[in-house]
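Take a look at the structure set out below.
For ligands, and for the atoms within them, numbers begin at 1 and follow the listed sequence. The shown structure was predicted, so the numbers you read here are calculated from the model rather than taken from an experiment.
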Amino acid sequence: MTSIEPTGLSLEQKASLLSGRDFWHTEAIEVAGIPSILLSDGPHGLRRQDNAADNLGVHDSVSATCFPPSVAVGSSWDPEVAARVGAAIGREARAAGVSVVLGPGVNIKRSPLCGRNFEYYSEDPLLSGALAVAYVRAMQAEGAGASVKHFAANNQETDRMRVSVEVDERTLHEIYLPAFERVVTEAHPATVMCSYNRVNGVYASQNRRLLTDVLRDEWGFDGLVVSDWGAVNDRVPALTAGLDLEMPGTGGSGDAEIVAAVRSGELDEAVVDRSVRRVLALAGRALPPSGDVDPDEQHRVAKEVAAGCAVLLKNDRDTLPLTTRSAVAVIGEFAANPRFQGGGSSHVNPTRVDTALDAIRELGESVTYASGLADNAVEVAREADVAVVFAGLSERDESEGFDRDTIGLPAAQVELIKAVAAASTRTVVVLSHGGVVSLEGWHDDVDSILDGWLLGQAGGRALADLLFGVTNPSGHLAESIPLRLQDNPSYLNFPGESGHVRYGEGVMVGYRYYETAEVAVRYPFGHGLSYTTFETAGLTVTATGDDSATVAVTVTNTGTRAGKHVVQVYVATNAAPVRTPARELRAFAKISLEPGETRRVELTLDRRSFAWYDVELSRWVVSPGDYTVQIGRSAAHIVAEALVTLAGDVIIPVLSIDSTVEEWFGHPIVGPELGELLAGQSDRAESSADWMRMVASMPMRQFTKLMAYRGVSLPTDALPRLIELSKG
Ligand code: BGC
């Protein structure tokens with residue numbers, strides 16, 4: 001990347017660089033040798049538009065490979081899958097002359113109803129962050145820049161351009177920011193895209209705290225901040241807050257506001273220069289279209305990664321894999337006309353589309369097909385050894401721009417599944433959808449459920465391979481499947497009202513809530529079956545100083561097929577003085593094992609794995625105490641655990657007159673002296689455990705008055721002196 005200084009440019013020229021030339025390009029100043037660059041969506045394939053431009057996927061785009069959307073990549077639990085997708089899109093971007101790909105999206109799935117959940121990885125920040133790091137590194141290694149979006153707390157589509165997310169600092173730091181933090185600090189994306197919404201009343205595009213204090217000062221981001229398309233409300237405050245580039249272009253109105261603000265003295269020209277420098281650094285990425293991509297090869301990658309994403313939720317009576325000799329009835333429109341991506345700005349015009357029906361016909365010796373409802377479907381199901389029903393949501397049901405209001409499958413599909421299951425010997429359901437769908441009302445009627453989520457243009461073939469066991473399923477849920485929508489912790493606070501959405505569930509998002517409140521789910525976060533079996537043994541946890549630890553565990557493939565297993569490491573603790581979830585995912589690794597193979601897997605738990613965000617100190621804190629490190633088959637099914645004790649941070653609080661009696665007496669320096677000062681003055685009742693329990697939460701200000709009524713007093717200078725002493 002070359003860096004060009006803004007010297008020699010007029011104020012007007014500099015301001016012009018801070019917004020787009022058009023919908024997808026930045027401004028060029030040819031006389032100064034500053035090229036324009038092209039940005040395109042993102043995240044699971046290129047959406048380069050040569051003609052009519054839009055950001056809702058209404059107008060067409062040049063054909064490109066449609067890889068599995070992030071919902072599927074999330075379910076792979078495999079950074080290698082994310083990296084292969086990032087690299088493959090990076091290659092297409094280079095070939096097409098696209099300098100920045102608008103992705104990945106790393107927003108947390110707070111509610112299953114969010115219309116864009118298909119574009120996001122997970123309800124868990126660690127999983128989201130790890131996959132995004134792999135994607136961005138691999139994409140940028142191919143020469144294309146990434147744009148990590150939508151920063152921040154953009155977790156719904158309803159009122160997305162105005163809604164104010166009311167979220168407390170601890171929740172923001174522990175749930176909604178870590179995936180961004182990780183990708184920024186570990187993968188150094190070329191750009192970060194701010195979101196449309198407001199965060200605690202301030203538009204993300206004008207949010208100095210987010211765009212400068214957190215992103216640049218705390219995390220060291222040195223790339224460019226671009227607006228989501230149309231997210232700038234007030235150009236000058238946005239620029240001052242840290243929003244460098246406004247997209248798309250506004251015909252020069254934002255630039256004129258910047259020029260006027262500098263001329264009137266309201267805006268320091270140095271602020272303009274700072275953002276111009278970042279635009280120039282980005283312009284250094286401008287590269288002519290180069291390199292060829294082979295669409296067949298890209299399609300092959302799309303198929304291979306898709307096969308690692310689907311989740312086998314249920315497999316009673318070993319119904320799957322199908323044998324080539326079974327008589328198979330394939331049922332459902334999605335088998336012949338697949339649903340494989342979502343609607344909106346990420347919509348890719350695929351180079352080709354594989355159907356599961358064609359691929360099943362190639363693999364099976366006896367295959368019949370009924371496209372859908374009622375009689376015909378039941379008839380073919382009755383004649384077959386096994387019926388495979390393709391069900392799910394259509395693109396009309398979920399998209400950017402709106403949220404769903406139900407997690408139910410369309411009633412007609414539920415009826416179809418139940419009718420087929422009643423008639424057939426064995427029933428398999430294959431699901432295609434972007435957001436969680438309820439399995440209730442039909443789950444117990446069927447033998448197997450293979451959840452494909454959205455698998456991209458080669459998903460049909462990947463599904464057929466999984467059904468016949470050509471590939472062994474290895475996906476795991478990146479989000480919980482609840483029994484009822486009402487069980488979701490955001491239920492009462494989604495999508496908000498009167499312009500505000502209150503994140504009242506705090507850090508208890510997804511499985512963090514279900515496990516803490518012991519609310520049953522249909523399938524927990526992390527769940528996923530395989531055609532082979534794995535055993536976990538020999539867990540050891542070793543503290544490595546600095547409040548970190550290493551975890552080692554031995555995994556054996558005890559079945560007869562090669563397969564992939566995800567080691568999921570959770571941490572559970574009551575050490576912190578705040579309410580923490582029952583357990584939290586803190587490390588994971590996906591490994592491949594041949595039948596009978598055993599491997600020792602070692603993972604690191606860094607300090608952050610044990611920390612919580614202290615809003616009073618504005619920093620991460622590890623509380624001294626015991627931590628249980630757990631290996632889970634899912635967030636709900638723990639197979640091994642071991643305790644580690646950490647020294648943690650010794651925090652000596654500074655006392656004030658409003659600190660509580662408990663804080664005063666419990667203070668390591670001041671407490672004993674205070675006790676001595678009062679000794680002998682108070683009667684026995686006043687030092688009893690019951691009395692202390694009642695006054696423990698009383699501020700010292702009130703406590704001293706209460707004691708004075710009872711004739712107990714401290715020397716007048718005692719409290720100010722002790723407060724000074726507490727400062728250490
Ligand atoms: C979306 C972004 C997208 C942009 C450009 C917006 O509507 O929120 O994710 O990158 O359009 O298409």
Side-chain angles (χ1 to χ4, degrees), residues 19-26 37-62 64 66 69-71 86 89 93 96 98-109 114-121 128 132 135-136 139 144-163 165 179-180 183 189-199 203-205 224-233 243 245-250 282 341-349 398-403 434:
S19 64
R21 180 180 80 195
D22 55 27
F23 213 81
W24 299 117
H25 292 86
T26 59
I37 64 159
L38 171 61
L39 303 91
S40 291
D41 282 302
H44 53 264
L46 281 190
R47 190 173 68 95
R48 202 189 88 211
Q49 292 184 307
D50 284 349
N51 301 311
D54 74 304
N55 61 329
L56 292 175
V58 176
H59 295 296
D60 222 350
S61 54
V62 175
C66 179
S70 304
V71 59
I89 297 173
V98 171
S99 295
V100 175
V101 176
L102 304 177
V106 298
N107 297 102
I108 295 297
K109 301 185 197 213
C114 172
R116 271 184 113 169
N117 274 357
F118 70 89
E119 275 190 72
Y120 303 140
Y121 291 115
S128 303
Y135 174 104
V136 171
M139 172 176 280
S147 192
V148 180
K149 64 189 187 183
H150 309 91
F151 189 61
N154 176 196
N155 311 95
Q156 65 185 54
E157 293 300 282
T158 305
D159 203 16
R160 69 169 165 159
M161 296 202 167
R162 298 180 312 178
V163 73
V165 170
F180 288 100
V183 76
T191 75
V192 165
M193 183 192 291
C194 80
S195 56
Y196 289 121
N197 52 289
R198 289 181 288 160
V199 180
Y203 280 109
S205 60
L224 171 136
V225 176
V226 59
S227 70
D228 198 346
W229 265 232
V232 173
N233 294 277
L243 187 284
L245 176 65
E246 175 175 16
M247 287 300 287
T250 55
L282 191 72
Q341 64 172 326
S345 63
S346 68
H347 198 273
V348 174
N349 176 11
E398 48 183 356
S399 163
E400 175 176 345
F402 62 89
D403 296 316

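- Here His347 has no heavy atoms under 4.0 Å from ligand 1, in either its backbone or its side chain.
- Atom 3 (C) of ligand 1 has its closest protein heavy atom at Asp41 OD1, 3.3 Å.
- Short contacts between ligand 1 and Met193, defined as distances under 4.0 Å to a heavy atom of the residue, involve ligand atoms 10 (O).
- Of the polar atoms of Glu119, none of the N or O atoms is found under 3.5 Å from an N or O of ligand 1, judged by distance alone.
- The contact set between ligand 1 and Glu400, taken as ligand atoms under 4.0 Å from a residue heavy atom, comprises 1 (C), 6 (C), 7 (O), 8 (O).
- Look at Glu400 and Arg160 and you find a salt bridge, because one of the NZ, NE, NH1 or NH2 atoms lies within 4.0 Å of a carboxylate O, short of that distance.
- For ligand 1, the atoms sitting less than 4.0 Å from at least one non-hydrogen atom of Asp228 are 1 (C), 2 (C), 3 (C), 4 (C), 6 (C), 8 (O), 11 (O), numbered in the order shown with element in parentheses.
- Contact of the Val348 side chain with the His44 side chain is registered, since non-hydrogen atoms from C-beta on lie closer than 4.5 Å.
- Close approach to Arg160 involves these atoms of ligand 1, each under 4.0 Å from a residue heavy atom: 7 (O), 8 (O).
- Of the candidates Arg116, Lys149, His150, His150 is the only one forming a side chain to side chain donor-acceptor pair (under 3.5 Å) with Asn107.
- Counting only heavy atoms from C-beta outward, the side chains of Tyr120 and Val71 never approach each other to under 4.5 Å.
- Taking every heavy atom of Ser345 and a limit of under 4.0 angstrom, the matching atoms of ligand 1 come to 1 (C), 2 (C), 3 (C), 9 (O), 11 (O), 12 (O).
- For Asn117 (side chain) and Lys109 (main-chain N/O), no donor-acceptor pair under 3.5 Å exists by modelled atom type.
- Close contacts of ligand 1 with Lys149, meaning ligand atoms under 4.0 Å from a residue heavy atom, involve 2 (C), 3 (C), 9 (O), 10 (O).
- Near Trp24, with a cut-off below 4.0 Å to any heavy atom, the atoms of ligand 1 are 5 (C), 12 (O).
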Residue pair Ser195, Asp228: steps toward the side chain to side chain donor-acceptor pair (under 3.5 Å) verdict: CA-CA 6 Å; Ser195 56; Asp228 198 346; over 6 Å; no
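- Near Arg47, with a cut-off below 4.0 Å to any heavy atom, the atoms of ligand 1 are 12 (O).
- Under the 3.5 Å distance criterion, the side-chain polar atoms of Tyr196 are matched with a main-chain donor or acceptor of Trp229.
- Using a 3.5 Å distance cut-off with no hydrogens or angles, the side chains of Ser346 and Asp41 do not pair a donor with an acceptor.
- Residue contacts with ligand 1 leave out Met247, since none of its heavy atoms falls under 4.0 Å from the ligand.
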